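None of these values were measured; they are calculated from a predicted model. Lettering follows sequence order; numbering is per chain, from 1. Every heavy atom of this structure was used, including side-chain atoms; hydrogens, water molecules and symmetry mates were not.
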Amino acid sequence: MIYKLEVKPTTNTINVLIYGCCLENKITDALKWVDKMEGFGCLPDNVTYNTILDALFKKGKLNEVRDLLSDMKKQGLVPNRTTYNILVSGYCKLGWLKEAMRVVDLMTQNKSLPDVWTYNMLINGWCNAGMLEEAFRLRKEMESLKLLPDVVTYNTLINRFFELGRSMEAFKLIDELDEHGIKPNAVTHNIMIKWYCKEGKIDKACKIVRNMEENGFSPDCVTYNTLIDANCKAGNMEEAFRMMDVMGRKGLKMNTITLNTILHTLCCEKKLDEAYMLLNSASKRGYYLDEVSYGTLITGYFRDEKANRALKLWDEMKERQIMPSTFTYNAMIWGLSQSGKTEQAIDMLNELLQSGMIPDETTFNTIIHGFCSEGQVEKALQFHNKMVEKSFKPDIVTCNILLSGLCREGMLEKALKFFRSWILKGKAVNSVTYNTLISSLCKERRLEDAFGLLSEMEEKKLGPDRYTYAAIHTALVESGRLEEAQKFTSIMVETGKINHQVVQPNTSKTPEEIDPSSISYSEKINEHCSQGRYKDALQIFEETRQKGITINKSTYMNLMNGLIKRRKSISKAVD
DNA sequence: GTAGGGTTAG
C-alpha cells in the first residue's frame with residue numbers, strides 16, 4: 001500500500017534546498033526553486049534572497065546581483081543587516097572599497113547598524129588593497145563603537161602581515177590575542193602553518209600541528225591540504241602521500257582542493273594525460289569538479305603548447321555548466337596570446353564582459369603583453385589607450401610591459417617619452433622599469449644616458465641589482481672600457497649589490513642510484529596503479545616501507561593519484 | 001542543518 005505523505009514544503013525547506021544548490025554552484029537551479037515556491041504556497045523571504053545574492057557575488061556576477069536585488073524589493077522585502085553585509089563582502093572581494101564603504105553608509109541610514117562582521121570584511125578589504133593603516137584605523141573605529149575585535153579580526157590582520165613577509169608583526173598580534181583574552185582558533189593555527197610552509201620550514205609547520213592538537217583543535221582539511229600542497233611543491237612526494245593517507249585515516253575526506261592540488265602537481269610534472277584521466281574519473285568518485293580543476297589543466301595544456309587540447313577542455317567545462325571566474329578567463333587569455341592568438345584573446349575578453357564578469361588588471365596586462373610578444377607594439381598601445389578611456393587604470397606592470405615591448409622593437413625614444421610622462425603623472429616605477437630602459441640604452445651604446453638613469457634609480461633606492469649590473473658591465477666591456485668595467489664590478493661587490501655566488505653542483509642521488517632494487521619495486525607499483533589495482537599497489541608500497549626501500553618520485557605521484565581515486569571506497573568503509 | 005567575516009588549490 002502506498003501512502004501519499006501530506007507534507008508540504010515550507011519556505012524554510014526550500015531555503016535549505018536553495019542553499020544546497022548554491023553550495024554546488026548551481027545557481028540556475030536555485031533560481032528555479034524561487035519560481036517554484038509560489039506553487040507550493042509559500043513565498044521567498046530574506047534568507048532565500050540573501051543565500052542567492054551571496055552565491056552570485058562570490059561568482060562575480062554583478063549584473064545578476066543587481067537584478068535579484070530589485071526582484072527582492074518587488075516582493076516587498078527590505079534588505080536586512082545580512083543583505084547589506086553580503087554586499088559589503090562582495091564589493092570588498094572585488095576590491096571596490098569605495099562601493100563597500102557606500103553600502104555601510106546606506107545601512108547606517110537604514111538603521112541596520114554595521115556589526116563586527118561588517119568591520120571584519122572591511123578590514124580584510126583594505127588589507128587586500130595593501131592599505132594596512134586604513135585597516136587599523138577601522139579596528140580603532142570599531143572599538144569606539146563598542147564592537148570588540150574578535151578572533152576573526154585578529155586572524156585577518158595576522159594573515160596579512162604574514163603574506164607581506166612581516167612575520168614579527170604577525171607574531172606580535174598573536175601575543176596580543178592572548179593579552180586580550182581571545183583564544184586562537186583552528187584558523188589561527190592554519191595561518192601559522194601556511195606561513196611556515198611558505199618559508200620552507202615544513203618541520204616547524206608540523207610543530208604547529210602538534211600545538212594545535214594540544215590546544216584542543218584537530219587538524220582539518222585546510223591543514224592537510226596546506227601540508228600536501230607544500231610537500232608537493234617542495235618535491236617531497238613521499239611526505240605528501242603520507243599526509244593524504246593520514247587525512248583519510250582520520251576520517252577526513254579529500255575534497256576539490258586536494259584534487260586540484262594533485263592535478264596541478266601532475267601538470268607541473270608534465271603528466272598531462274594522467275591529469276586528464278584524473279579529471280575525468282573524479283566526478284564518478286564523488287568529487288565536485290570546479291572551474292579551478294579545469295583552469296589548472298587548461299593552463300597545463302597551454303604551457304605544453306597544446307592549445308587545441310586547452311580549447312577543447314574549455315568547451316567541455318562550459319558544457320558541464322561550470323562557470324569560469326575572471327582568473328580562468330585570464331588563463332585562457334594568457335594561453336591564447338602565448339600561442340600567437342591575441343585577437344582570439346580579445347574575443348575572450350568580450351565574452352567575459354558579456355557574461356557579466358569584471359575583468360581585472362591582469363586581464364588587460366595579459367592582452368597588452370600578448371600584442372607585444374607578437375611584435376605588434378602599436379596594437380598594444382592602441383588597446384591600452386582604448387581601455388584607459390574605459391576606466392582601466394594601468395599599473396606598474398602595464399608600464400613595464402609597454403616599455404619592454406617598445407624597447408624590443410627598437411623604439412627606445414618612444415619608450416623614454418612614455419616613461420617620463422608616466423613619472424610626471426606621479427605613478428610608481430620599480431627596478432624592472434629602470435632595468436628595461438638601462439639595458440636598452442646599453443645595447444644602443446648610449447652609456448652616458450644609461451648612467452643617468454642608474455643614478456636616478458639609486459636616488460630612488462630601487463637598485464642597482466644584478467640585472468642592472470649585467471647590462472652596464474657588458475656594455476662597458478664591449479665598448480672596450482675595460483678599466484671602468486672592472487672598477488664598476490668592484491664597487492658593486494663592495495657595496496653588496498651583487499655577490500659572486502658559486503653554484504653548487506647537485507650531488508644528491510636518485511633512489512635508483514642508492515638502491516637498485518627500488519627500480520623493480522617502483523615498476524611493480526606503477527603497473528598495479530596503471531591497471532587500477534590500487535590495493536595491490538599499496539600493499540607493495542607497504543613492503544618497501546618495511547624493507548626501507550625508497551621508491552621514485554613518479555611512483556609516489558601514481559600512488560597519490562590512486563588515493564584520490566579510491567576516496568569513495570574509503571569513505572564507504574568508514575561510513 | 002535555511003543567509004553574512006578570517007585559513008587551503010590555479
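If you measure from atom CG of L157(A) to atom C1' of dT7(B), you get 14 Å, rounded to the nearest angstrom. Rounded to whole Å, atom C1' of dT8(B) lies 19 Å from atom OH of Y196(A). Look at OH on Y329(A): it is 17 Å from C1' on dG10(B), rounded to the nearest Å. Atom CE of M323(A) is separated from atom P of dG10(B) by 23 Å (rounded to the nearest Å). The CG atom of L278(A) sits 13 Å away from the C1' atom of dA9(B) (whole-angstrom rounding). In this structure, E291(A) atom CD and dG10(B) atom P are separated by 13 Å, rounded to whole Å. Here dG10(B) presents its C1' atom at 14 Å from CG of L272(A), a figure rounded to the nearest Å. Atom-to-atom, CG of L23(A) to C1' of dG1(B) comes out at 11 Å; the value is rounded to the nearest Å.
Taking side-chain N and O atoms only, K194(A) has no distance below 4.0 Å to OP1 or OP2 of dT7(B). At least one side-chain nitrogen or oxygen of K233(A) sits closer than 4.0 Å to the OP1 or OP2 atom of dG10(B). For the pair N159(A) and dT7(B), the criterion of a side-chain N or O lying under 4.0 Å from OP1 or OP2 is met.
With hydrogens and angles left out, the side-chain atoms of T555(A) and N558(A) include no donor and acceptor closer than 3.5 Å.
T48(A) is not listed as a side-chain neighbour of M72(A), based on a closest heavy-atom distance of 4.5 Å or more.
Contact annotation for D220(A): no contact, since no heavy-atom pair falls under 4.0 Å across all strands. Base engagement by C221(A) is indicated by at least one non-hydrogen atom pair under 4.0 Å involving a base atom. Among the atoms of the strands shown, none is found under 4.0 Å from any heavy atom of T299(A). In this structure, T83(A) reaches neither bases nor backbone, as no heavy-atom distance under 4.0 Å exists between it and the strands shown. Contact annotation for V88(A): no contact, since no heavy-atom pair falls under 4.0 Å across all strands.
Counting only distance, with no hydrogens or angles, the side chain of T11(A) and the backbone of C42(A) share no donor-acceptor pair below 3.5 Å. At distances below 3.5 Å, at least one donor-acceptor pair connects side-chain atoms of D395(A) with backbone N or O atoms of V397(A).
Comparing dA9(B), dT7(B), dA3(B) by their closest approach to the side chain of N190(A) singles out dT7(B). Side-chain proximity of F327(A) to the nucleotides dG10(B), dA3(B), dT8(B) is greatest for dG10(B).
Under the salt bridge (charged side-chain N to carboxylate O under 4.0 Å, His left out) rule, R139(A) has a single partner from E176(A), E133(A), E134(A), which is E176(A).
The base of dA3(B) does not come close enough to the side chain of N15(A) for any donor and acceptor atom to sit less than 3.5 Å apart. Judged by distance alone, with hydrogens and angles left aside, T328(A) brings a side-chain donor or acceptor within reach of the base of dG10(B), the pair sitting under 3.5 Å.
Ring geometry for F364(A) versus F392(A): interplanar angle of 30 to 60°, hence tilted.
Near-neighbour residues of DNA chain B inside residues 44-74 of chain A, defined by a heavy atom below 4.0 Å, number-ordered: V47(A), N50(A), T51(A), D54(A), K58(A).
Remark: aromatic rings of F57(A) and Y91(A) are close, center separation under 6.0 Å.
Of the charged side-chain nitrogens involved, at least one lies within less than 4.0 Å of a carboxylate oxygen, so that D54(A) and K58(A) count as a salt-bridged pair.
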